[in-house]
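Here is how names work: the chains are called A, B, and so on, in the same order as the sequence lines, proteins then strands, and each is numbered from 1. Just so you know, these numbers use all the heavy atoms, side chains as well, and skip hydrogens, waters and symmetry mates. None of these values were measured; they are calculated from a predicted model.
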There are 4 protein chains.
Amino acid sequence: MAYRRSALMQERLADNRERILAAARRRIAAQGYRGMQIAAVAAEAGMSTGMIYRYFRSKAELFVEALSAAIGQELKLLNAIADGPGSARQRLYAAVECFTRRALAGPGLAYAFIAEPAEAEVDAARIEVRQRLGDVIKRILRQGIDAGEFPPQDVDASAACIVGAYTEALIGPLAPRAERVKDRDRLTRAICDFCVRAVSAPADGRGRP
Amino acid sequence: MAYRRSALMQERLADNRERILAAARRRIAAQGYRGMQIAAVAAEAGMSTGMIYRYFRSKAELFVEALSAAIGQELKLLNAIADGPGSARQRLYAAVECFTRRALAGPGLAYAFIAEPAEAEVDAARIEVRQRLGDVIKRILRQGIDAGEFPPQDVDASAACIVGAYTEALIGPLAPRAERVKDRDRLTRAICDFCVRAVSAPADGRGRP
Amino acid sequence: MAYRRSALMQERLADNRERILAAARRRIAAQGYRGMQIAAVAAEAGMSTGMIYRYFRSKAELFVEALSAAIGQELKLLNAIADGPGSARQRLYAAVECFTRRALAGPGLAYAFIAEPAEAEVDAARIEVRQRLGDVIKRILRQGIDAGEFPPQDVDASAACIVGAYTEALIGPLAPRAERVKDRDRLTRAICDFCVRAVSAPADGRGRP
Amino acid sequence: MAYRRSALMQERLADNRERILAAARRRIAAQGYRGMQIAAVAAEAGMSTGMIYRYFRSKAELFVEALSAAIGQELKLLNAIADGPGSARQRLYAAVECFTRRALAGPGLAYAFIAEPAEAEVDAARIEVRQRLGDVIKRILRQGIDAGEFPPQDVDASAACIVGAYTEALIGPLAPRAERVKDRDRLTRAICDFCVRAVSAPADGRGRP
DNA sequence: CATGAATGAGAATTCATTCAT
DNA sequence: TATGAATGAATTCTCATTCAT
């Protein structure tokens with residue numbers, strides 16, 4: 001063990017790390033992982049590419065840390081809400097609202113959590129597919145509302161939520177590994193129930209602040 | 001054009017197209033768009049790279065067609081359900097169930113509709129982030145169930161649905177463009193209401209077949 | 001020696017050959033050698049790519065024959081003029097006029113004799129270089145005309161001719177191999193004299209029909 | 001930016017650019033734009049292909065710069081001559097001489113300004129076509145000289161100049177757009193007059209230094 | 001320590017040519 | 001004999017990562 005790092009150096013090191021992470025965050029928000037070229041991050045951070053590798057072992061590691069750093073703040077807030085006062089319903093409402101509000105205000109970084117932009121043509125195809133899935137849902141919702149089966153609601157938002165709900169539940173990391181037929185059935189039923197309940201229950205505003 | 005194409009050749013041509021699409025589908029299921037290298041598809045289909053370009057103008061076009069072909073069948077089924085008999089609730093249930101069931105049975109292709117895989121490390125980070133978001137939700141749900149506020153339910157599935165719902169509603173193509181503060185507020189409220197309703201209503205099984 | 005080809009077959013063969021050459025000519029006129037893809041020629045000629053290779057050993061050979069065929073007619077006319085009646089001056093005038101007039105009327109095939117289109121950027125650069133060379137010449141010509149040293153003339157055409165004259169004389173296939181300094185000097189002097197004479201002599205219309 | 005670039009590094013950078021341009025120049029002189037493959041240039045310059053792209057955005061840009069660099073010096077000299085002292089005739093003579101002399105001394109790069117080499121066979125055909133055009137002209141010239149109509153002159157050079165003059169005037173970028181019949185007639189006449197004058201006037205050496 | 005020049009492994013795409021049918 | 005499907009070599013360009021200075 002030779003010298004201790006002086007406080008100054010420590011600080012500088014920490015500083016650089018932060019600057020790199022911030023630069024990466026900006027690039028990710030703008031272009032996703034693919035747009036986060038090391039050279040671009042370095043330029044944005046005002047340093048050399050070599051410097052990046054002094055603080056991060058690889059591009060992937062930098063991305064992971066940038067992602068974690070960005071989401072860390074959100075998680076802190078969400079956890080505070082979860083552990084805070086109020087009924088569960090109120091806290092659920094507050095948690096979703098908190099994330100949603102911040103994401104809508106912020107600089108699109110949320111995108112990086114979910115999907116990776118590809119060529120325009122490919123993105124366009126994905127968008128279209130999701131829109132067509134959503135269109136079917138919207139049609140059903142409108143009919144149900146007209147028939148008085150569902151309470152009035154924002155069908156665009158509901159349809160988006162439904163498509164998001166079942167795709168995430170199916171393929172997302174939260175999806176319970178459903179390898180046996182029985183498990184699959186249970187998962188399917190849970191998802192369907194979730195969606196039906198969400199659109200059926202009266203919008204009584206329960207939970208709203 | 002002197003000779004007519006023999007039936008055999010016609011068949012082979014159609015065959016090739018199908019073989020390419022099938023090969024692409026396999027690659028996409030395994031690795032997403034990025035893993036769908038032309039050379040890999042060609043190898044998987046047992047032909048030369050040049051052949052791919054006889055049937056598809058570009059890599060992106062091949063992806064789009066593979067995507068469309070795969071989703072086309074689903075959409076047909078969903079539309080039939082939407083336009084079919086039964087209450088809206090029943091049809092919504094049936095639609096979600098149909099997609100879900102088939103996706104769970106199928107070969108992970110659905111993944112490609114949603115997210116673009118990157119390096120393993122990056123994917124892992126995305127997964128973790130979503131899991132941690134889900135964990136918060138699960139904690140709230142469990143507390144609510146214990147307190148009798150929420151009916152008993154599959155908290156894993158519900159949490160996944162919630163995370164999926166708000167991410168899709170926020171960033172997906174279905175998301176209403178929310179540029180004014182007022183619009184954002186309305187969207188946020190719609191999402192929150194959706195989620196709260198979904199977990200609050202009694203699982204009365206309405207809509208189940 | 002097996003069978004003789006029937007007259008019919010001979011004709012058909014000749015027919016195909018002509019059709020291919022004509023198709024190639026059209027493609028060359030449109031896009032130069034690079035645009036003369038075998039597949040495009042075949043399509044234009046209404047036959048298969050394989051057929052092309054029954055009549056021409058390679059793409060290059062087809063180009064060469066198409067070029068020769070196209071220029072053959074011109075050469076016939078030019079030779080007739082050269083061997084015809086009239087003073088040398090009249091015949092030179094007639095020869096140049098003949099080629100020029102036909103080229104101006106025709107479908108740009110002449111281009112293929114000289115230069116091969118490349119990427120737009122590259123072509124643009126070449127054009128600019130030649131224009132700037134021409135600009136210098138034009139400036140001198142205008143000054144000379146104003147000073148009464150040169151007779152009035154179309155300076156655009158004269159400049160083009162001069163640039164064409166010396167570049168061709170230098171690098172074209174007609175350029176005498178000038179490897180010794182003495183030869184180079186003689187060539188240089190001949191070119192310069194040519195250009196100066198061309199712009200200095202009064203446009204007395206000698207030779208005009 | 002912590003460190004300043006050392007003089008040494010600066011030099012190396014400039015060096016690389018020059019080395020690439022020189023390597024490109026050599027390849028172009030040998031094979032034209034088509035022979036200027038990035039890999040070949042990199043090999044010739046003794047570096048990796050990636051390096052090329054650090055200095056030039058694309059293959060086309062490299063070509064354009066190599067072209068411009070080579071021609072820039074020539075244009076400077078020509079402009080100096082055009083703006084210098086002496087009669088217009090003397091300056092025209094000097095300008096043509098300057099370019100000619102230098103091109104004859106240099107490494108065939110001039111070729112790239114004019115024509116885009118293709119396969120050897122194709123080039124050979126082009127050469128032959130031009131030679132045959134030149135042969136007709138030469139025949140006329142010789143007859144005219146024998147008949148005393150034209151003064152003695154280097155018929156090879158004159159023929160080359162004539163072929164160059166009318167091809168450039170016809171198809172080159174300097175060619176006035178001749179879309180109406182009237183314009184074409186005027187252009188044709190200007191070219192013919194130019195050529196006839198050039199070979200008819202006595203070689204009185206006017207303009208020679 | 002900091003730099004950024006240098007590397008080189010890929011990846012997409014084109015097209016002349018061949019040959020089974 | 002005529003077809004056109006099939007091949008695959010060649011070429012441009014990108015970017016994560018390294019390492020001499």
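Contact annotation: B:Tyr33 side-chain N/O to E:dA12 OP1/OP2 distance is not under 4.0 Å. In terms of phosphate contacts, D:Asn16 brings a side-chain nitrogen or oxygen within less than 4.0 Å of OP1 or OP2 of E:dA6. At the phosphate of E:dA6, neither OP1 nor OP2 sits under 4.0 Å from any side-chain N or O atom of D:Arg54. Phosphate proximity of E:dT14 to B:Tyr53: absent, as no side-chain N or O sits under 4.0 Å from OP1 or OP2.
One interatomic measurement links the two molecules: CD of C:Glu61 to C1' of E:dT17, which rounds to 14 Å at whole-angstrom precision. We find that CZ of A:Phe56 is positioned 13 Å from P of F:dT17, with the value rounded to whole Å. Atom CD1 in C:Ile52 sits about 18 Å away from atom P in E:dC19, given to the nearest Å. In this structure, A:Phe63 places its CZ atom 19 Å from C1' of F:dT17, rounding to the nearest Å. Computed from coordinates, the B:Arg27 CZ to E:dA11 P distance equals 10 Å when rounded to whole Å. Atom CD of C:Gln37 is separated from atom P of F:dG4 by 18 Å (rounded to the nearest Å). The distance between atom CD of B:Glu119 and atom P of F:dT17, rounded to the nearest whole Å, is 7 Å. D:Arg34 has its CZ atom 11 Å from the P atom of F:dT12, to the nearest Å.
In terms of position along DNA chain F, the nucleotide closest to C:Ser48 lies nearer the 5' end than the nucleotide closest to the other residue of the pair B:Ser48 and C:Ser48. For D:Met47 and C:Gly50, each mapped to the nucleotide of DNA chain E holding its nearest heavy atom, the one lying further toward the 5' end belongs to D:Met47.
Side-chain atoms of D:Lys59 lie closest to F:dT12 of the nucleotides E:dC15, E:dG8, F:dT12. If you check F:dT3, F:dA16, E:dA2 against the side chain of C:Met51, the one that comes closest is F:dT3. Nearest nucleotide to the side chain of D:Tyr55, out of E:dA5, E:dT17, F:dT11: E:dA5.
For C:Lys59 and C:Tyr53, the positive end is not near the middle of the six-membered ring at less than 6.0 Å and at most 45° from its axis.
Residues B:Met47 and B:Asn16 share a closest heavy-atom pair of CE-OD1, 3.5 Å. Shown here for A:Ala125 and B:Val64, the closest heavy-atom pair between the two residues is CB-CG2, 3.6 Å. Minimum heavy-atom separation, B:Ile20 to B:Met51: CD1-O, 4.2 Å.
Using a 4.5 Å cut-off on side-chain heavy atoms (C-beta onward), D:Tyr55 and D:Glu61 make no contact.
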query = What dot-bracket string describes DNA chain F from 5' to 3', counting Watson-Crick and G-U wobble pairs whose defining distances are under 3.5 Å, with [ ] for crossing pairs and | for pairs to another strand?
reply = .||||||||||||||||||||

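Nucleic acid contact class of D:Ile38 (heavy atoms, under 4.0 Å, all strands): sugar-phosphate only. Nucleic acid contact class of B:Thr49 (heavy atoms, under 4.0 Å, all strands): base.
Under a 4.0 Å N-O distance rule, the pair A:Arg19/A:Glu44 does not qualify as a salt bridge. For D:Glu65 and D:Arg17, the salt-bridge test passes: some basic side-chain N is under 4.0 Å from an acidic carboxylate O.
Between the CZ atom of A:Phe56 and the CD1 atom of A:Ile38 there is a distance of 9.5 Å, given to the nearest 0.5 Å.
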